[in-house]
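Working notes for the structure below.
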Amino acid sequence: MRILHLHCDHVEFTPTKKEIPAAEDIAPETVRVEEVLAAFIAVEKGDDDTVASKAMFQIGNVMERLGCTRLLLYPYAHLSADLAPARIALDILTAMQQQSKYSETYRSAFGWTKSYAIHVKGHPLAEGLKIVRSGGKDGSESDALSAESKIVSYWYIMTPDGTMTPLKDYNFTKNQSLEVLARYESAKKRGGDDRPPHVALMKRLAIADYEPASDQGNMRFYPNGRLIKSLIERYVTKSVREYGGFEVETPIMYDSDHPSMIKYFNRFPARQYSIDSEGRQLFLRFAACFGQFLIAHDFQMSYKNLPYKLYELTRYSFRREQSGELAGLRRLRAFTMPDCHAFCANMSQAISELDVRFNLSKDVLHEMGIEQDRYEVAVRLTEDFYNENKDVVLNLVRQHNKPILVEMWKERFFYFVLKWEFNYIDSVGRATSLSTDQIDVENGDHFGIEFVDSNNKPQNPIILHNSPSGAIERVIYALLENASHKLKKGEKPTFPLWLCPTQVRIVPVHDDTIPFATKLASYMNRRMVRTDIDERNESLGKRVREAEKEWIPYIIVVGSKEAANGLDGELSVRDRRGGSIINITIEQLISDIREEVRGKPWAMLNQPGLLSKRPQIMV
RNA sequence: GCUUCGAUAGCUCAGCCUGGUAGAGCGUUACCUUGGUAAGGUAAAGGUCGCGGGUUCGGAUCCCGCUCGAAGCUCCA
């Protein structure tokens, strides 16, 4: 912020016309002030509330020295070439006005073209320039964010029989991972300092890696990783479509001055990627909410249409987390987020929909190979909501059939009255939220979303925000952590069969058997079983070993015996999960695999079918 | 953002303390090998030791600054 302060005999100004869309709504009247310190102010990028207080402190010092008691705050863009977005500038100017200790504090209208006359006193201290920068550890934390840290929470554990026990009185001996979550969230105590195991695995399996040429937290996905990610994306989308969500696609960037965005944007200004485009400041979405709300705003809805559900899988949502907070696939700056909003006519409809989505989320995680023993449920809600709807929480804990963590707030601070999350607990003691749903009582009004009720009166819907799986990258993180959990227990790590980049690896014993191997592989691929062939000039033992290192569930070694028997004969199949070599026909193997992956999306191999044709991606 | 640690071959890392010809394993390439269920053999290619400065006859190595990365902290709408 730059402040040009002038000690004046008098200042007179008249707003003549609105200059920008965000201009204040005021009646344009001429104002004349005598014996005043006129502070011409340009609010710059990165300025925040701390700048407002610092500026007022400095202005106070000047006022005292001059013996002046009248202050005029005059927004003046021409002092800087690096201005803050209009809405933020207005917020800060308003904050300065409110913080002023002078009873006669004037502020000229923001966003208006003004004519003005000024008479500056002729003494040495009459003119000065101050430059104020934001301080503190995170320069542009908003008011909302700092207020958030002051929220008072009450923590409980609720058991399936409905008992609520204050956290400090609960005995965790039988629920160690819930204790991890509880400590993690309430005491803000974190786990060990081991490197997260999934990072090494994501590299070794050629799934994903850091991209040094991008910003931190923006990953590259190799063919194997892209295949896995794409299958998960398709599966989640399919599940939400079957549940009744209708898929839309919305822009990834929004105008930070758009009236509906202001509140969202200002809440976390330091956490956005922003882009300048022809003088407008755009920010990259950090969720799918705006896009869907802006669509719903333009719908003509009746109560008969509700509940109505919109869905988008955002690739990507962006959150510019602090650099030190990023961690492998667990915490990113660009991530893929399925987000399904249900517009509900009233609270009872919202509550019954919440229940459906809780089960949807549970099923989705289960089908992806993330079971209930790997995650813990947290429910956060306001005291009022709890008192009026105790059975809602009770119902959730019964469905989960394990104790859950409850965080209760005296008053509503966020836009929701209730939120639940499934928190994955990893092997190094970290909790990471996957699925979530919220009951939002604010944004229907805020985004002007309306439906007409049975009395022909417009109403704002209650909105549920559900991500049935959480970020797709996090699902992969959880699958890799599951695998590393198995490793620690001395078991063989695996992916769910439908997600394996290669489901069957064929290893020909001898060059003569390559034609048969090729015939076999192409038959299986046509039958939707991802099959490849390792015909490299390597020893049999080495090729089997490498297939095992890739976690390939089935390895078929074909020699002259199999080639002679043809497609009808029995094959010698190494079953990784069963831990033995089985003799089975091709038809039986295909039908076993097809049975196991039934209902899941399928894609063909995303690599050359012959290993000799593949570049080495990772060691 | 703060603290700590790190940056040497495509990858994983040794060498640095104690300055003097740039190392290993894996991978890649070629040849040999034709092997029946977790590593067959031989050889070759491959490096501006992150960038800049300083000390020194001489710096991957010691000193200073910078850049980038990771972990932890704070944080996670």
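Below, read A as the first sequence line, B as the second, and so on, with proteins coming before strands; counting in each chain starts at 1.
Spacing between B/rU29 and B/rG46 at atom C1', rounded to whole Å, works out to 11 Å. One C1' atom belongs to B/rA45, the other to B/rC75, and the distance between them is 48 Å to the nearest Å. For the P atoms, the distance linking B/rC62 with B/rG69 amounts to 24 Å, nearest Å. A gap of 13 Å separates the P atoms of B/rG50 and B/rC11, to the nearest Å. Taking the C1' atoms as reference points, B/rG35 lies 44 Å from B/rA60, given to the whole Å. For the P atom pair drawn from B/rG15 and B/rU8, the interatomic distance equals 14 Å after rounding to whole Å. B/rC31 sits 43 Å from B/rA71 when the P atoms are compared, rounded to a whole Å. For the P atoms, the distance linking B/rG23 with B/rC16 amounts to 14 Å, nearest Å.
Annotation: side-chain hydrogen bond (donor to acceptor under 3.5 Å, both in side chains) contacts of A/R226 (sequence neighbours excluded): A/E233. A search for ring pair (Phe, Tyr, Trp, His ring centres under 6.0 Å) contacts involving A/F385 returns nothing, not counting sequence neighbours. Here A/P223 pairs with A/N606, A/Q607, A/I617 under the side-chain contact (heavy atoms from CB on, under 4.5 Å) rule; sequence neighbours left out. Listed by chain and number, the residues in a salt bridge (Lys or Arg N to Asp or Glu O under 4.0 Å) with A/K309 are A/E353 (sequence neighbours excluded). Taking the ring pair (Phe, Tyr, Trp, His ring centres under 6.0 Å) definition, one finds that A/F343 meets it with nothing, sequence neighbours left out. A search for salt bridge (Lys or Arg N to Asp or Glu O under 4.0 Å) contacts involving A/K410 returns A/E383, not counting sequence neighbours.
We find that CZ of A/R331 is positioned 13 Å from C1' of B/rC73, with the value rounded to whole Å. For the pair A/R543 CZ and B/rU33 P, the computed distance is 16 Å after rounding to whole Å. Separating the CG atom of A/D209 from the P atom of B/rU12 is a distance of 8 Å, rounded to the nearest angstrom. Whole-Å rounding puts the A/N423 CG to B/rC76 C1' distance at 11 Å. Between the CD1 atom of A/I581 and the P atom of B/rG36 there is a distance of 13 Å, rounded to whole Å. Distance A/D534 CG to B/rG36 P: 16 Å, rounded to the nearest Å. Taking atom CD1 of residue A/I555 and atom P of nucleotide B/rG36, one finds them 16 Å apart after rounding to whole Å. In this structure, A/I506 atom CD1 and B/rG36 atom P are separated by 19 Å, rounded to whole Å.
No hydrogens or angles considered: nothing links the side chains of A/Q438 and A/D440 as a donor-acceptor pair under 3.5 Å.
Contact check on A/R574 versus A/E548 returns a salt bridge, with a Lys/Arg side-chain nitrogen under 4.0 Å from an Asp/Glu carboxylate oxygen. Salt-bridge formation is not detected for the pair A/E407/A/K419: no Lys NZ or Arg NE/NH1/NH2 atom is positioned less than 4.0 Å from an Asp or Glu carboxylate oxygen. A salt bridge does not link A/D209 with A/R220: none of the charged nitrogens is closer than 4.0 Å to a carboxylate oxygen. Salt-bridge annotation for A/R330 and A/E481: absent, with no side-chain N of the basic residue lying under 4.0 Å from a carboxylate O of the acidic one. Looking at A/R331 and A/E325, a side-chain N of the basic residue comes within less than 4.0 Å of a carboxylate O on the acidic one, giving a salt bridge. The pair A/R374-A/D426 does not count as a salt bridge, with every side-chain nitrogen at least 4.0 angstrom from each carboxylate oxygen. In summary, A/E321 and A/R319 do not engage in a salt bridge, as defined by a charged side-chain N under 4.0 Å from a carboxylate O.
Distances from the side chain of A/Q322 to the nucleotides B/rA77, B/rG1, B/rA39 place B/rG1 closest. Listed nucleotides: B/rA38, B/rG40, B/rA77. Nearest to the side chain of A/R319: B/rA77.
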Give every pair of a protein N or O atom and an N or O atom of nucleotides 28-32 of chain B that lie under 3.5 Å apart, one pair per line with the distance.
{"from": "B/rC32", "atom 1": "N4", "to": "A/N537", "atom 2": "ND2", "distance (Å)": "3.1"}

Sub-3.5 Å pairs of nitrogen or oxygen atoms, protein against nucleotides 66-69 of chain B:
none

Dump every N/O contact between nucleotides 2-7 of chain B and the protein below 3.5 Å, one line per pair.
none

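Non-hydrogen atoms lying under 4.0 Å from RNA chain B are contributed by nothing in residues 466-478 of chain A. A heavy atom lying under 4.0 Å from RNA chain B marks the following residues of residues 559-568 of chain A, by number: A/G559, A/S560, A/K561, A/E562.
In this structure, A/F283 and A/Y254 have tilted ring planes: the angle between them lies in the 30° to 60° band.
A ring-centre distance under 6.0 Å is found for A/H465 and A/Y415.
In this structure, A/P493 and A/W551 have side chains that are in contact, with non-hydrogen atoms separated by less than 4.5 Å.
As the counterpart of B/rG35, no nucleotide is assigned, since no Watson-Crick or G-U wobble pattern has both distances under 3.5 Å. Judged by Watson-Crick or G-U wobble contacts below 3.5 Å, the nucleotide B/rU56 has no partner. Using Watson-Crick or G-U wobble geometry with both donor-acceptor distances under 3.5 Å, B/rG23 finds its partner in B/rC13. When Watson-Crick and G-U wobble pairs are counted only if both distances are under 3.5 Å, B/rU42 pairs with B/rA30. For B/rC75, there is no paired base (Watson-Crick or G-U wobble, both distances below 3.5 Å). Across all strands shown, the partner of B/rC5 is B/rG69, judged by Watson-Crick or G-U wobble contacts whose two distances both fall under 3.5 Å.
Side-chain N/O atoms of A/S539 include one lying less than 4.0 angstrom from OP1 or OP2 on B/rG40. For B/rG41, neither phosphate oxygen OP1 nor OP2 lies less than 4.0 angstrom from any side-chain nitrogen or oxygen of A/K542.
Take the nearest nucleotide of RNA chain B for A/P508 and for A/K492: the residue whose nucleotide is more 5' is A/P508. Comparing A/V509 and A/R576 by the nucleotide of RNA chain B whose heavy atom lies nearest to each, the residue mapping closer to the 5' end is A/V509.
Results of the side chain to side chain contact (heavy atoms under 4.5 Å, CB included) test with A/I449 over A/I463, A/I295, A/N443 single out A/I463 as the only residue that passes.
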Validation: residues 507-514 of chain A side-chain donor-acceptor distances under 3.5 Å, sequence neighbours left out:
{"from": "A/H510", "atom 1": "ND1", "to": "A/D512", "atom 2": "N", "distance (Å)": "3.0"}
{"from": "A/H510", "atom 1": "ND1", "to": "A/D512", "atom 2": "OD2", "distance (Å)": "3.3"}
{"from": "A/T513", "atom 1": "OG1", "to": "A/H510", "atom 2": "N", "distance (Å)": "3.3"}
{"from": "A/T513", "atom 1": "OG1", "to": "A/H510", "atom 2": "O", "distance (Å)": "2.6"}
{"from": "A/T513", "atom 1": "OG1", "to": "A/V558", "atom 2": "O", "distance (Å)": "3.4"}

